**Student:** 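Questions regarding the structure given below will be posed in turn.
Just follow the structure's listing: the first ligand is 1, and inside any ligand the first atom is 1. All values below were derived from every heavy atom in this structure, side-chain atoms included, with hydrogens, water molecules and symmetry-related copies excluded. Keep in mind the model is a prediction, meaning the values are calculated, not measured.
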Amino acid sequence: MPNANSHTESPLDIAENVPLAPFTSFRIGGPARFLIGAHTQRELQQALRFAREMHLPFCILGGGSNLLISDDGFPGVAIRLLMNRVTRSGGMVQVQAGYDLTALVHRTVAWGLSGLESLAGIPGTVGGAVRGNAGAYGGAIGDVLATVSALDAATLKVVTLRRDQCAFGYRDSRFKRDPGLIVVGALLALAPGDPEEVSAKVTQTLAKREAKQLSCDQSAGSFFMNPVVDDAALIRKFEDEQGVRCRECRIPAGWLIDQAGLRNLKVGGAAVSHRHANYLVNTGSATATEMVQLARLVRKEVQVKLGVVLKEEVSPLGVVI
Ligand SMILES: Cc1cc2nc3c(=O)[nH]c(=O)nc-3n(C[C@H](O)[C@H](O)[C@H](O)COP(=O)(O)OP(=O)(O)OC[C@H]3O[C@@H](n4cnc5c(N)ncnc54)[C@H](O)[C@@H]3O)c2cc1C
């Protein structure tokens, strides 16, 4: 095995054949051939060099809250991003990719800065959130970013991109489309706010999430994205029933799954949550294969019954949903 730890660099923490399930909110996934925790950008570069020298693919793990990993695991180098420094200058907050998103929300509240309130309670890291443009209640992380720093896995150099170069969209970004760009940090432009008001907004967000029971264990949150629907009758039915206007013709996937009568549907240990129909949950012993079978069944039934095609929000690793 090539030595990833040259005498000029601090030793890398490399482990072999490590089960990945404990690093995911689904608690599903077989072993990685190698697992490396990157505490600094330099360690990330070393880990990528190691993968290259071993002729192995790499993958990035953030908080694992949006990942469905194959039962066979990952036959390469899994790299956990653990760099987690945050600094502030006025309303500009510089944060590293491994920082916990919810902790960041609370930190910015303590600083009396406004802009992240609607993201309170979303699990995972800042890097994972930037890559998927995580959001809730009409806000998304891309809205408050000034720049994103990303390490190009091909050149091992860091590029800094302005927000308008990041192609943010609904649960989408340039980093999602190009896995060779690893988010290492973000500069957020937040507004000064009244600390009590900002804190109250965060409390409201958390209460709304609690009321909808969005903190469901052993899931990856919403499994499917909310699709754009062109069936006017279906849109009207949703709006009449829910008493809300749908945004950009997107209907919540959970409502569609419910309409198709799929709440509580099960395949082995994988189930449609009884609390939230767009949450597919591991009831204890689900395999990735069962989760994929359940997801395919849900997608097929929704398509057959309602004519709407669902696309997964969850990031698959070694599985095809
Ligand atoms: C209970 C629950 C509730 C949730 N609610 C919401 C919600 O309200 N809104 C929402 O948007 N999401 C929600 N999610 C999904 C999830 O929290 C987000 O997608 C989160 O941003 C994922 O971040 P992560 O660090 O856990 O990413 P991971 O799950 O670790 O990774 C997801 C993908 O991003 C890649 N990745 C991770 N870090 C980086 C990086 N630094 N650079 C490049 N690629 C990277 C990984 O390789 C993988 O492909 C929820 C999940 C759970 C379990």
**Student:** Can you tell me the protein heavy atom closest to atom 52 (C) of ligand 1 and the distance?
**Tutor:** Gly221 N, 3.3 Å

**Student:** Evaluating non-hydrogen atoms only, which member of Leu44, Val183, Leu101 is closest to atom 41 (N) of ligand 1?
**Tutor:** Val183

**Student:** Of the choices Gly64, Ala134, Gly128, which has the non-hydrogen atom that lies closest to atom 28 (P) of ligand 1?
**Tutor:** Gly64

**Student:** Give the residue, atom name and distance (to 0.1 Å) of the protein heavy atom nearest atom 26 (O) of ligand 1.
**Tutor:** Ser65 OG, 2.6 Å

**Student:** Could you check which of Asp178, Ile79, Asp217, Asn66 puts a non-hydrogen atom nearest to atom 29 (O) of ligand 1?
**Tutor:** Asn66

**Student:** Check the orientation of Phe26 and Phe223. Use parallel for under 30°, tilted for 30 to 60°, and perpendicular for over 60°.
**Tutor:**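 Rings of Phe26 and Phe223: tilted, as their planes differ by 30° to 60°.
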
**Student:** Starting from atom 13 (C) of ligand 1, find the nearest protein heavy-atom neighbour and note its residue, name and distance.
**Tutor:**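 Here the closest protein heavy atom is Ile122 CG2, 3.8 Å.
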
**Student:** What residue and heavy atom of the protein are closest to atom 10 (C) of ligand 1, and at what distance?
**Tutor:** Gly135 O, 3.5 Å

**Student:** Using heavy-atom distances, let me know which of Thr125, Ile60, Ile69 sits nearest atom 45 (C) of ligand 1.
**Tutor:** Ile60

**Student:** Between Gln96 (side chain) and Gly185 (backbone), is there a donor-acceptor pair under 3.5 Å?
**Tutor:** no

**Student:** Polar-atom distance check: Gly63 versus ligand 1, any N or O pair below 3.5 Å?
**Tutor:** yes

**Student:** Taking the six-membered ring of Phe224, is NZ or CZ of Lys311 closer than 6.0 Å to its centre and within 45° of its axis?
**Tutor:** no

**Student:** Which value, rounded to the nearest 0.5 Å, describes the distance between Leu151 atom CG and Gln45 atom CD?
**Tutor:**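 Going from the CG atom of Leu151 to the CD atom of Gln45 covers 5.0 Å.
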
**Student:** Considering only heavy atoms, does Phe175 approach ligand 1 within less than 4.0 Å through its side chain, its backbone, both, or neither?
**Tutor:**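 It is neither part, as no heavy atom is under 4.0 Å.
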
**Student:** For atom 5 (N) of ligand 1, what is the nearest protein heavy atom, given as residue, atom name and distance?
**Tutor:** Arg209 NH2, 2.9 Å

**Student:** Would a distance-only check, ignoring hydrogens and angles, find a side-chain to backbone donor-acceptor pair under 3.5 Å from Gln165 to Arg162?
**Tutor:**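 Answer holds: yes.
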
**Student:** List the steps, then state whether salt bridge (charged side-chain N to carboxylate O under 4.0 Å, His left out) holds for Arg27 with Asp217.
**Tutor:** CA-CA 10 Å; Arg27 299 286 181 267; Asp217 275 349; over 6 Å; no

**Student:** About how many Å separate CG of Asp72 and CG of Leu317, when rounded to the nearest 0.5 Å?
**Tutor:**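 Leu317 atom CG to Asp72 atom CG measures 11.0 Å (nearest 0.5 Å).
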
**Student:** So which of Gln218, Arg171, His276, Arg131 gets nearest to atom 34 (O) of ligand 1, if we judge by its closest heavy atom?
**Tutor:**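 Nearest option to atom 34 (O) of ligand 1, by heavy atoms: Arg131.
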
**Student:** At a 4.0 Å threshold, what atoms of ligand 1 neighbour a non-hydrogen atom of Ser25?
**Tutor:** 53 (C)

**Student:** Give the contacting part of Ala220 toward ligand 1: side chain, backbone, both or neither, where contact means a heavy-atom distance below 4.0 Å.
**Tutor:**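 It is the backbone that gets close, since no side chain atom is under 4.0 Å.
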
**Student:** Check each atom of ligand 1 against the heavy atoms of Gly124 and keep those under 4.0 Å away; list them by number with element.
**Tutor:** 23 (O), 24 (P), 25 (O), 26 (O)

**Student:** Mind checking whether Phe34 and Phe50 have parallel, tilted or perpendicular rings, split at 30° and 60°?
**Tutor:** perpendicular

**Student:** For Lys157 and Asp152, run salt bridge (charged side-chain N to carboxylate O under 4.0 Å, His left out): C-alpha distance rounded to whole Å, both residues' side-chain angles, the deciding distance at 0.1 Å, then the answer.
**Tutor:** CA-CA 6 Å; Lys157 295 219 164 77; Asp152 184 331; over 6 Å; no

**Student:** Decide whether an N or O pair under 3.5 Å exists between Gly62 and ligand 1.
**Tutor:** yes

**Student:** Considering only the protein, which heavy-atom contact is closest to atom 17 (O) of ligand 1, and what is its distance?
**Tutor:**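 I find the closest protein heavy atom is Pro123 O, 2.8 Å.
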
**Student:** Determine, stepwise, if the pair Arg299 / Glu312 fulfils salt bridge (charged side-chain N to carboxylate O under 4.0 Å, His left out).
**Tutor:** CA-CA 9 Å; Arg299 185 160 49 202; Glu312 73 273 8; 3.5 Å; yes

**Student:** Any donor and acceptor pair, going by atom type alone, linking the side chain of Thr283 with main-chain N or O of Gly269 inside 3.5 Å?
**Tutor:** yes

**Student:** To the nearest 0.1 Å, how far is atom 32 (C) of ligand 1 from its closest protein heavy atom, and which atom is that?
**Tutor:**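 Nearest protein contact, heavy atoms only, for atom 32 (C) of ligand 1 is Ser315 OG, 3.7 Å.
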
**Student:** Quick one: look up the protein heavy atom nearest atom 1 (C) of ligand 1 and list residue, atom name and how far away it is.
**Tutor:** Leu214 O, 3.2 Å

**Student:** Within the side chain of Ser173, is there an N or O that forms a donor-acceptor pair under 3.5 Å with the backbone of Phe168?
**Tutor:** no

**Student:** Please determine whether any non-hydrogen atom of Tyr279 lies less than 4.0 Å from an atom of ligand 1.
**Tutor:** yes

